[in-house]
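Read the structure below first, then the notes.
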Amino acid sequence: MSHKFLDETTVPANPAAALRYTSSMSHRPTHLENTMPHPQLQMILQQMPKAELHIHIEGSLEPELIFELAQRNGVALAYDSVETLRQAYAFDNLQSFLDIYYAGASVLLHEQDFYDMTAAYLRRAAQDNVCHAEIFFDPQTHTARGVPLRAVVDGIYRACQEGPISASLIMCFLRHLSEDDALATLEDALPLRDKIIGVGLDSSELGHPPEKFARVFERCRQLGLRLVAHAGEEGPPAYIESALDLLNVERIDHGVRCLEDPLLVQRLAREQIALTVCPLSNIKLRVFDTMAQHNMLELLDAGLVVTVNSDDPAYFGGYMNANLLAVFDALPLGLSHAQRLARNSFTAAFLDPETKRGYLAQVDAYFAGLAL
Ligand code: ADE
Ligand code: ZN
């Protein structure tokens, strides 16, 4: 991955400047319509309107805020500085990440902590021209430490109400815990039902197949909650299938291993089930060795509703636009892919049809207005 491409300081601040900027710049390899020079495509990726559909709010907790909250709350950390904590962010797989991610979340105790964390993410997402975010949170990570569920939900929700972008909440069940624990969490959340748009399933995937959570997802469906689940990140394609058939989910989080099963790919394309793909996460957690080996282009070429997302940006080296830039830098993706990804992010969002049409019109107007 070329660091030059990720260096935002090389990008002109406005489109007109970017268009003047192109003539002397190096050109990308030709692929389809992709004769556009780097900086111009880079600027378009950054400025196009987009939604983020796969962000764990606890994964947006930057080391600086971890230390600030630890001090504020008198929580002892196993690291003596921001730098040593950051140095520990070297992961071999999903579990090695989760261990440190749950340790980081231990500084969150009060409603204000959840508010501060969420407000910081929303401000950062707005800088990347994210207009709408659907935010995951892990209630059991906090309630297990004695934090009231209301403090978690109210803090995150209050920040979302204040903007600067639109946002809704998806409550995730931890799949390494029992279904009874998930059911109890759902009961606890009933008084807060109106603040939650949907539920998801995350944490350690291997050995915890979706079917373990069939009853709790059925109960959520009856409550009118929207349904998603992580599947096919480290787990096999069969987990994607059981998430669809046994949990009735509407989107698959990650899902990149679907390509191992051609019939499943056909089904995902036919039913237009969105995949919320997280490129930097996939590299950091060694789902792919390098970004050049990421299967994003194959997923798009198979007609799938692919979206790009940041997953846990404080741990994986970048927010939304860093993910877009990294994957476009490594793969032969061009302008039409950029527009498709921006459209997919809104098509797959849990927004009412009119709002969705409005955002899609904004995307199309943005691309139509480019002086190429
Ligand atoms: N929790 C936070 N990030 C996750 C991921 N990438 N997969 C599963 N659970 C998670
Ligand atoms: Zn995730």
Side-chain angles (χ1 to χ4, degrees), residues 51-62 66 89-106 108 114 117-118 121 125 133-144 152 156 169-177 181-182 185 198-210 212-213 226-236 239-240 243 247 249-258 274-288 294 296 306-320 322-323 326 345 348:
E52 172 143 69
L53 307 179
H54 186 159
I55 160 76
H56 301 262
I57 199 64
E58 296 89 348
S60 74
L61 201 49
E62 293 286 348
I66 291 181
Y89 293 180
F91 313 115
D92 300 325
N93 54 27
L94 176 58
Q95 192 58 52
S96 63
F97 155 68
L98 289 170
D99 293 342
I100 204 159
Y101 160 86
Y102 294 131
S106 69
L108 297 159
F114 291 92
M117 169 177 67
T118 307
Y121 163 71
E134 298 184 356
I135 296 179
F136 296 146
F137 68 102
D138 288 338
Q140 291 151 299
T141 300
H142 313 297
T143 52
V152 178
I156 301 172
L169 302 191
I170 297 179
M171 180 172 84
C172 287
F173 301 116
L174 296 179
R175 65 202 305 158
H176 66 271
L177 301 179
D181 205 308
T185 301
V199 295
L201 186 64
D202 65 2
S203 190
S204 324
E205 187 180 5
L206 286 169
H208 302 286
K212 187 175 155 187
F213 296 92
R226 310 300 296 259
L227 308 178
V228 299
H230 283 53
E233 177 186 18
E234 283 190 345
Y239 283 20
I240 300 176
L247 303 188
V249 301
E250 302 165 78
R251 295 194 302 241
I252 297 287
D253 297 314
H254 294 292
V256 290
R257 286 193 60 193
C258 71
L275 304 184
T276 62
V277 176
C278 306
L280 288 173
S281 163
N282 292 156
I283 304 310
K284 291 282 182 194
L285 302 187
R286 313 256 183 102
V287 175
F288 301 96
H294 199 285
M296 171 77 74
V306 178
T307 66
V308 169
N309 307 271
S310 68
D311 206 6
D312 300 284
Y315 291 89
F316 298 149
Y319 287 77
M320 170 61 94
N323 275 271
S345 73

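Start at 1 and go down the list; that is how both ligands and their atoms are numbered. Please read all numbers here as calculations on a predicted model, not as lab measurements.
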*Winner among Gly200, Ser203, Ala105 once heavy atoms are compared against atom 8 (C) of ligand 1*: Ser203

*asked:* Determine whether a donor-acceptor pair (N or O, by modelled atom type, separation under 3.5 Å) exists between the side chain of Glu234 and the backbone of Glu205.
replied: no

*If you measure from each non-hydrogen atom of Glu205 to ligand 1, which part falls under 4.0 Å: side chain, backbone, both or neither?*
neither

*Going by an N to O cut-off under 4.0 Å, is there a salt bridge joining Arg251 and Glu134?*
yes

*Who's the nearest protein heavy-atom neighbour of atom 1 (N) of ligand 1, and how far?*
His56 CE1, 3.5 Å

_For Leu174, is there any backbone N or O sitting under 3.5 Å from a side-chain donor or acceptor partner on Ser203?_
no

*Quick one: does Asn309's side chain have a donor or acceptor within less than 3.5 Å of a partner on Leu53's backbone?*
yes

*So with a 6.0 Å cut-off around NZ of Lys212, is the heavy-atom count from everything else above 12?*
yes

*How far is atom 6 (N) of ligand 1 from its nearest protein heavy atom, and which residue and atom is that?*
Asp311 OD2, 2.7 Å

*If only atom types and distance count, is the side chain of His254 paired as donor or acceptor with the main-chain N or O of Gly232 below 3.5 Å?*
no

*Show your working on salt bridge (charged side-chain N to carboxylate O under 4.0 Å, His left out) between Arg257 and Glu233 and close with a plain yes or no.*
CA-CA 6 Å; Arg257 286 193 60 193; Glu233 177 186 18; over 6 Å; no

*Can an N, O or S atom be found in Cys278 less than 2.8 Å away from the Zn ion (ligand 2)?*
no

*Which ligand 1 atoms are under 4.0 Å away from a heavy-atom of His230?*
5 (C), 7 (N), 8 (C)

*Between Phe136 and ligand 1, find which residue part has any heavy-atom pair under 4.0 Å and reply side chain, backbone, both or neither.*
neither

_For the aromatic rings, using the six-membered ring if either is Trp, is the centroid distance between His56 and His230 under 6.0 Å?_
yes

*If you measure from each heavy atom of Asp253 to ligand 1, is any distance below 4.0 Å?*
no

*Nearest protein heavy atom to atom 3 (N) of ligand 1, by residue and atom, and its distance?*
Asp312 OD2, 2.6 Å

*Between atom CG of Leu285 and atom CG of Leu98, what is the distance when rounded to the nearest 0.5 Å?*
8.0 Å

*asked:* Give the atom numbers and elements of ligand 1 that come within less than 4.0 Å of a heavy atom of Phe97.
replied: 2 (C), 3 (N)

*What is the nearest protein non-hydrogen atom to atom 7 (N) of ligand 1, stated with its residue, atom name and distance?*
Glu233 OE1, 2.8 Å

*Restricting to N, O or S atoms of Asp311, which is nearest to the Zn ion (ligand 2)?*
OD1

*With heavy atoms under 4.0 Å as the rule, classify the contact between Glu58 and ligand 1 as side chain, backbone, both or neither.*
neither

_Quick check against the 3.5 Å criterion: does Asn93 have a side-chain atom that pairs as donor or acceptor with the backbone of Ser96?_
yes

*Interfacing atoms of ligand 1 (cut-off 4.0 Å, heavy-atom, His254)*: 6 (N)

*His230 N/O/S atom closer than 2.8 Å to the Zn ion (ligand 2)*: yes

